[in-house]
There are 2 protein chains.
Amino acid sequence: MPYRKEDQEIEQCDFIHVHEEIVDQVMKVMPEEGQLLDLAEFFKVFGDSTRIKILYVLSQAEMCVCDIATLLQMGQSAISHQLRVLKQMRLVKFRREGKTVFYSLADGHIQTILAQGMEHIEE
Amino acid sequence: MPYRKEDQEIEQCDFIHVHEEIVDQVMKVMPEEGQLLDLAEFFKVFGDSTRIKILYVLSQAEMCVCDIATLLQMGQSAISHQLRVLKQMRLVKFRREGKTVFYSLADGHIQTILAQGMEHIEE
DNA sequence: TAAACATATGAATAGTTGTTCATATGAGAA
DNA sequence: TTCTCATATGAACAACTATTCATATGTTTA
């Protein structure tokens, strides 16, 4: 949400022909602002093709950073930066083994969400 | 994916200590590039708090543009622009009734995806 | 210890995006 | 027709983001 009005009175429509019953009713069940912001942040992570690819390959097998970079034909640094984002959102977990760090999907939700997305774009 | 290397040889790791069996195996089952790009585009739509809010309020009731603007305390133009994005991704549908345009969610997937996201951020 | 390797990270930068403002379109009412 | 209302849209701009480059961190081996 890059832009924000500094002043208070935001001009919506003229407030007159708004369907009040609907608006009042939905206003009551609105989750708190923070929760919806978190939700958007969560989905934002899926909204980048590099991260989607990383999630996809990790859904197939546990893998180190170099494996992913090789599969996606991208630089190690780019992958590492994106893995950090995925880590922060707890979409991936990792374990060290010597010099190597193996990444894998954090839990089952991730695959469910990916599958739902696939279903939508495929009909 | 803002940046793209012009030249071919992208330096990954040194290709030597990559786990070949894994990489080869996953390479075979990788969906085509376009499908993963579409998937990222699809999720990108969920990755903005304004659009998440719009989807949420529409999950509660069919609504006109002004209703949404009032509920979200935002300008009519901003809502209209975002509804266009949602329309293009076929996440919302609409019907005209005189001067008013009523929007609603396009199908059930949307609510499922929202719910899965909520579940993830809430544990 | 030093060298080699795997990964992480900070800075810089170019591409992208969401909101605002001004205006256009389109439908109903006068 | 003209006026008003509801919505849509193009341009501009500030904030954001993903990649690259250079370098740092941390682990293993010699």
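Protein chains get the first letters and strands the later ones, always in sequence-line order, with residue 1 at the start of each. Computation of the quantities below employed the complete heavy-atom set of this structure, encompassing side-chain atoms and omitting hydrogens, waters and symmetry-equivalent molecules.
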Which residues satisfy the side chain to side chain contact (heavy atoms under 4.5 Å, CB included) test with [X], sequence neighbours excluded?
| X | answer |
| --- | --- |
| A:Thr112 | B:Gln116 |
| A:Gln25 | none |
| B:His81 | B:Ser77, B:Arg84 |
| B:Arg95 | B:Glu62, B:Glu97, B:Phe102 |

Which residues pass the salt bridge (charged side-chain N to carboxylate O under 4.0 Å, His left out) test with A:Glu123, sequence neighbours left out?
B:Arg90
To the nearest Å, how far apart are [X] [atom1] and [N] [atom2]?
| X | N | atom1 | atom2 | answer |
| --- | --- | --- | --- | --- |
| A:Ile54 | D:dT19 | CD1 | C1' | 12 Å |
| A:Leu72 | D:dT20 | CG | C1' | 16 Å |
| B:Asp48 | C:dG18 | CG | P | 5 Å |
| A:Phe43 | D:dT17 | CZ | P | 17 Å |
| B:Ile52 | C:dT17 | CD1 | P | 17 Å |
| A:Gln76 | D:dG26 | CD | P | 16 Å |
| B:Lys44 | C:dG15 | NZ | P | 15 Å |

Partners meeting side chain to side chain donor-acceptor pair (under 3.5 Å) with B:Glu119 (sequence neighbours left out)
A:His109
Taken in chain and number order and not counting sequence neighbours, the residues that satisfy side chain to side chain donor-acceptor pair (under 3.5 Å) with B:Tyr103 are B:Lys87
Is there a residue in residues 96-103 of chain A whose heavy atoms reach under 4.0 Å of DNA chain C, and which residues are they?
A:Lys99, A:Thr100, A:Val101, A:Tyr103
Hey, is the side chain of A:Thr50 poking within less than 4.0 Å of OP1 or OP2 on D:dT19, counting only N and O atoms?
yes
Can you list, in residue-number order, the parts of residues 78-91 of chain B that come under 4.0 Å of DNA chain D, counting heavy atoms only?
B:Ser80, B:His81, B:Arg84, B:Lys87
Identified side chain to side chain contact (heavy atoms under 4.5 Å, CB included) partner of A:Met74 from the options A:Ile68, A:Thr50, A:Ile54:
A:Thr50
Quick one: pull up CG in B:Leu114 and CD1 in B:Ile52 and give me the separation to the nearest 0.5 Å.
5.5 Å
